[in-house]
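The structure appears below as structure tokens.
Only a predicted model underlies this, so the values are computations on that prediction, with no experimental measurement involved. All residue numbers in this chain count up from 1 along the given sequence.
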Amino acid sequence: MSTSDQSSPEPEHTSAARKRTEAGTASETPKAEQAPVAAAASASKPDKPVYKDRVYRSPAGLMGGALLLGLFAWLGGDAVVSGEGSTPWLALASMLVAVPVVVAFSVRPAVFANDDRLRVRNPFRVIELPWASVVSLRSGYTNEVIDGSGAKYQLWAIPVSLRGRKKAARHQAREAHRAAKGERGARTASAERPARAETDQIMADLRDLCEARAKAVDSQGEPSVRWAWEIVAPAAAGAVLLLVLIALG
């Protein structure tokens, strides 16, 4: 009786199960290797700003600018339509000078702030300051920002209100008097709502944002300043045209 050297074949269902197990192991191994790589890549990405730019403007400046522009349109339009001789041309040249200047000092000024930088749009310049380059935000008779080189830039869009400061000081005095007399809730209300002028509160918020973001990766960089040629060029052209018309009589 002879003995067979060949082993008996495995059942088909056992072989199929083994293949599925090996395929699953092979497919899971790359995912396990890719997980640390993906985590490292996500950790290396810098944080993005969590909100859009905060925009600060002067409501009084906007209102005054709108009134002046309306007045110029009324008087200048009347001079152009009903004027005689060189009057229409003088009116047009005067408006070409006056309108950009009024826009520059009333409608244009704004301050934009986000997680990365402070952008100051003044009448004739635009200043961009990454938070790391800001040394201080100072409030006196004007609100100013100072960069690392010592350059000062006035915040035209956030004017100082002496009237608002006096009103806030009177409010603080009343709250202190009530707290000294021991009126219920006076001390708590005074601590929770410190009275400040609106523009002083805005400057305090900008200081807090600067301190919080000064060391962030996205807040590094050098200040940049550019001239607002869209304002300077029309005003200069209007001034030259006006001088020429006056010289010609």
Minimum heavy-atom distance G221-S133, with the two atoms named: O-CB, 3.8 Å
Minimum side-chain heavy-atom gap R117-D53 below 4.5 Å: yes
Within-4.5 Å side-chain heavy-atom neighbours: W156 and N122: yes
In one Ile/Leu/Val/Met/Phe/Trp/Tyr side-chain cluster, 4.5 Å: V101, L242: no
Path from V120 to V103 over hydrophobic side-chain contacts below 4.5 Å: no
Under 3.5 Å donor-acceptor, R213 side chain and D115 backbone: yes
Closest non-hydrogen atom pair between T87 and A79, with its separation: CG2-O, 4.3 Å
Closest approach of P234 to P100 (non-hydrogen atoms, all atoms of both residues): CB-CG, 3.9 Å
Shared hydrophobic cluster, I246 / L241 (ILVMFWY, side-chain heavy atoms < 4.5 Å): yes
Worked verdict on L155 versus Y56 for side chain to side chain contact (heavy atoms under 4.5 Å, CB included): CA-CA 10 Å; L155 305 180; Y56 303 98; over 6 Å; no
Co-membership, hydrophobic cluster, residues L96 and F72, 4.5 Å side-chain: no
Pairwise distance CZ(R57) to CZ(R121) - rounded to 0.5 angstrom: 5.0 Å
Donor-acceptor pair, side chain of R207 and main chain of L137, under 3.5 angstrom: yes
Gap separating the CG atom of D147 from the CG atom of L129, nearest 0.5 angstrom: 6.0 Å
Test item: E128 and S224 side chains (from C-beta on) under 4.5 Å apart, heavy atoms: yes
Heavy-atom pair of closest approach, residues P123 and A228: O-CB, 4.3 Å
Within 6.0 Å of CD in E230, more than 12 heavy atoms from elsewhere: yes
I202 vs N143 side-chain heavy atoms within contact, under 4.5 Å: no
Check: L90 main-chain N/O paired with S94 side-chain donor or acceptor under 3.5 Å: yes
Spacing of CE belonging to M95 relative to CG belonging to L92, to within rounding of 0.5 Å: 7.0 Å
Min side-chain heavy-atom separation V145-V134 under 4.5 Å: yes
Distance-minimising heavy-atom pair for S219 and P130: O-CB, 3.2 Å
Path from L118 to Y153 over hydrophobic side-chain contacts below 4.5 Å: yes
Close side-chain approach of S149 and E222, heavy atoms under 4.5 Å: no
Heavy-atom pair with the smallest gap, counting every atom of A113 and L206: CB-CD2, 3.8 Å
Gap separating the CZ atom of R138 from the CD atom of Q154, nearest 0.5 angstrom: 11.0 Å
Side-chain heavy-atom pair V126, R108 within 4.5 angstrom cut-off: yes
Main-chain N/O of N114 paired with W131 side-chain donor or acceptor, under 3.5 Å: yes
